[in-house]
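These notes are about the structure you will find just below.
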Amino acid sequence: MKMTKVLFGAAIFGLVFGFASCKNEDDENDMIQGSGSKYTIAYTNETNDVSRGYSSTRAGHDGELVQFTFDKSSTDGGVLGVIWDFNEESSTKKRTFWVLGLAANRNSSSGLEYYISKFYNISEINSQNFGAGVSKNSLTELASTISAGTACELVKKDFTSTGVATKASSLSIWADIYPTLATGTHVPGTEDNRADYTGGFTVKLYSADPTGNDIATEIATIDISTNETGYTGADNLKDKKLAVYANVYGQKSLNGAWNLLEDYNEAEVIEE
């Protein structure tokens with residue numbers, strides 16, 4: 001994993017994710033506000049360290065159509081992201097989850113970039129890279145590390161350019177995350193037949209709301225295979241959770257928002 005990506009570890013899961021404390025360990029600096037389907041961040045980090053925070057949004061879901069918006073005043077301030085397929089072991093409290101992160105102007109002229117990784121056996125949410133000291137590009141390479149209960153990362157996509165340049169106005173990107181289908185075609189904003197799930201995921205990034213009236217250009221398509229999930233179908237998604245997250249760089253500000261437009265087969269909305 002590149003050293004720059006280490007800065008983007010995060011931490012936001014509500015008490016429903018297993019944190020029981022009088023202090024809000026999910027978002028210690030109270031960066032993320034909101035509930036239901038709308039969340040915002042307007043935070044200035046006056047320290048030299050990255051400030052990280054999570055907010056839980058859904059208990060039980062298969063996927064999500066979400067809009068990310070970077071305010072024009074702080075496109076280079078950090079990362080907006082979403083966590084899905086989140087599971088916490090009841091005995092060890094170790095967590096496993098996928099992350100999609102979006103960074104605008106991470107470097108002076110990098111424009112909008114994204115990354116996708118899956119993290120296993122995570123117990124140190126606030127640590128660099130969630131405490132995952134081992135990073136590989138295949139599930140087979142991580143098999144022994146995962147079974148040993150060691151924190152590790154499956155890198156699907158390291159920072160990758162979307163080809164979208166930042167601009168003077170606010171910047172919005174839409175992500176559709178859904179279970180890959182064995183047959184048929186997924187329509188953004190529409191739930192699919194769970195019996196048709198292969199066990200993989202598909203992530204698509206759009207320039208506009210793919211369910212709206214504007215022309216939505218498909219920016220990127222990322223297929224996550226069953227060899228990368230280890231899943232065989234819908235049963236593997238039972239009771240999985242969803243969260244939004246943000247990282248704000250040291251001495252930077254990040255103003256942005258998440259709009260959860262469609263929850264695929266969600267069981268419960270978490271009102272915080």
Side-chain angles (χ1 to χ4, degrees), residues 1 5-6 8-20 25-26 52-64 79 81-101 115-158 175 177-180 197-203 222-245 247 264-268 270:
M1 138 158 290
K5 187 174 176 184
V6 168
F8 295 96
I12 30 180
F13 296 69
L15 295 182
V16 67
F17 282 19
F19 296 96
E25 296 180 358
D26 316 337
R52 306 171 175 91
Y54 287 77
S55 184
S56 53
T57 69
R58 298 290 187 271
H61 80 107
D62 293 347
E64 183 71 37
V79 169
V82 66
I83 285 173
W84 82 97
D85 190 31
F86 173 90
N87 182 64
E88 182 178 49
E89 294 183 12
S90 58
S91 58
T92 65
K93 303 300 181 184
K94 291 183 178 181
R95 302 143 204 154
T96 297
F97 49 84
W98 284 96
V99 179
L100 164 66
Y115 67 83
I116 296 176
S117 285
K118 187 170 186 177
F119 291 88
Y120 296 85
N121 301 320
I122 300 303
S123 57
E124 299 295 333
I125 292 294
N126 284 304
S127 297
Q128 291 183 345
N129 205 40
F130 301 113
V134 178
S135 297
K136 299 292 183 181
N137 295 107
S138 78
L139 192 55
T140 300
E141 292 179 290
L142 286 176
S144 60
T145 305
I146 294 170
S147 62
T150 302
C152 56
E153 176 194 18
L154 172 63
V155 180
K156 174 61 180 180
K157 284 281 188 179
D158 210 334
I177 302 169
Y178 59 92
T180 306
Y197 293 179
T198 65
F201 288 107
T202 299
V203 179
I222 304 94
D223 292 314
I224 301 172
S225 71
T226 55
N227 290 333
E228 294 165 307
T229 64
Y231 293 168
T232 57
D235 287 346
N236 298 105
L237 300 180
K238 185 179 180 180
D239 299 326
K240 297 300 178 69
K241 300 178 178 70
L242 180 80
V244 297
Y245 84 88
N247 294 341
Y264 300 130
N265 292 303
E266 118 274 335
E268 177 187 356
I270 299 169

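Residue numbers start at 1 and run along the sequence shown.
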Please examine the side chains of Y245 and V79, heavy atoms only from C-beta on, and report whether any two atoms are closer than 4.5 Å. yes

Are F97 and F130 near enough that their ring centres are under 6.0 Å apart? yes

For G199, is there any backbone N or O sitting under 3.5 Å from a side-chain donor or acceptor partner on T226? no

Does some side-chain heavy atom of K240 sit less than 4.5 Å from a side-chain heavy atom of W84? no

Residue pair Y120 / L139, side-chain heavy-atom distance below 4.5 Å: yes

Enter the distance from S147:OG to L142:CG here, rounded to the nearest 0.5 Å. 10.5 Å

About how many Å separate SG of C152 and CD1 of I146, when rounded to the nearest 0.5 Å? 4.5 Å

Drop me the distance from W98's CH2 to K118's NZ, to the nearest 0.5 angstrom. 6.0 Å

Candidate pair I224 and I116, rule side-chain contact (heavy atoms from CB on, under 4.5 Å), full reasoning: CA-CA 10 Å; I224 301 172; I116 296 176; 4.2 Å; yes

Could you grab the distance from atom OG of S123 to atom CD of E89, nearest 0.5 Å is fine? 10.5 Å

Would you mind reporting whether L237 and F201 have side-chain heavy atoms less than 4.5 Å apart? yes

Atom NZ of K94 with >12 non-hydrogen neighbours under 6.0 angstrom: yes

Are any of the side-chain heavy atoms of L100 and I222 separated by less than 4.5 Å? no

Give me the atom names and distance for the closest heavy-atom approach of A151 to G131. CB-O, 3.5 Å

On a heavy-atom basis, which atom in D85 and which in Y231 lie closest, and how many Å separate them? OD2-OH, 2.8 Å

Is there side-chain contact between Y115 and V155, with at least one heavy-atom pair below 4.5 Å? no

Please give me the minimum heavy-atom distance between I83 and L242, naming the atom from each residue. O-CD1, 3.1 Å

Scanning both residues in full, the closest heavy-atom pair of K156 with D223 reads NZ-O, 2.9 Å

Straight-line distance of L154 CG to F119 CZ, nearest 0.5 Å: 9.5 Å

So T180 and T202, side chain to side chain donor-acceptor pair (under 3.5 Å) or not? Walk me through it. CA-CA 6 Å; T180 306; T202 299; 2.9 Å; yes

Just wondering, do S135 and N129 contact through their side chains at under 4.5 Å, heavy atoms? yes

Using 0.5 Å steps for rounding, measure from the CG atom of N121 to the CZ atom of R95. 11.5 Å

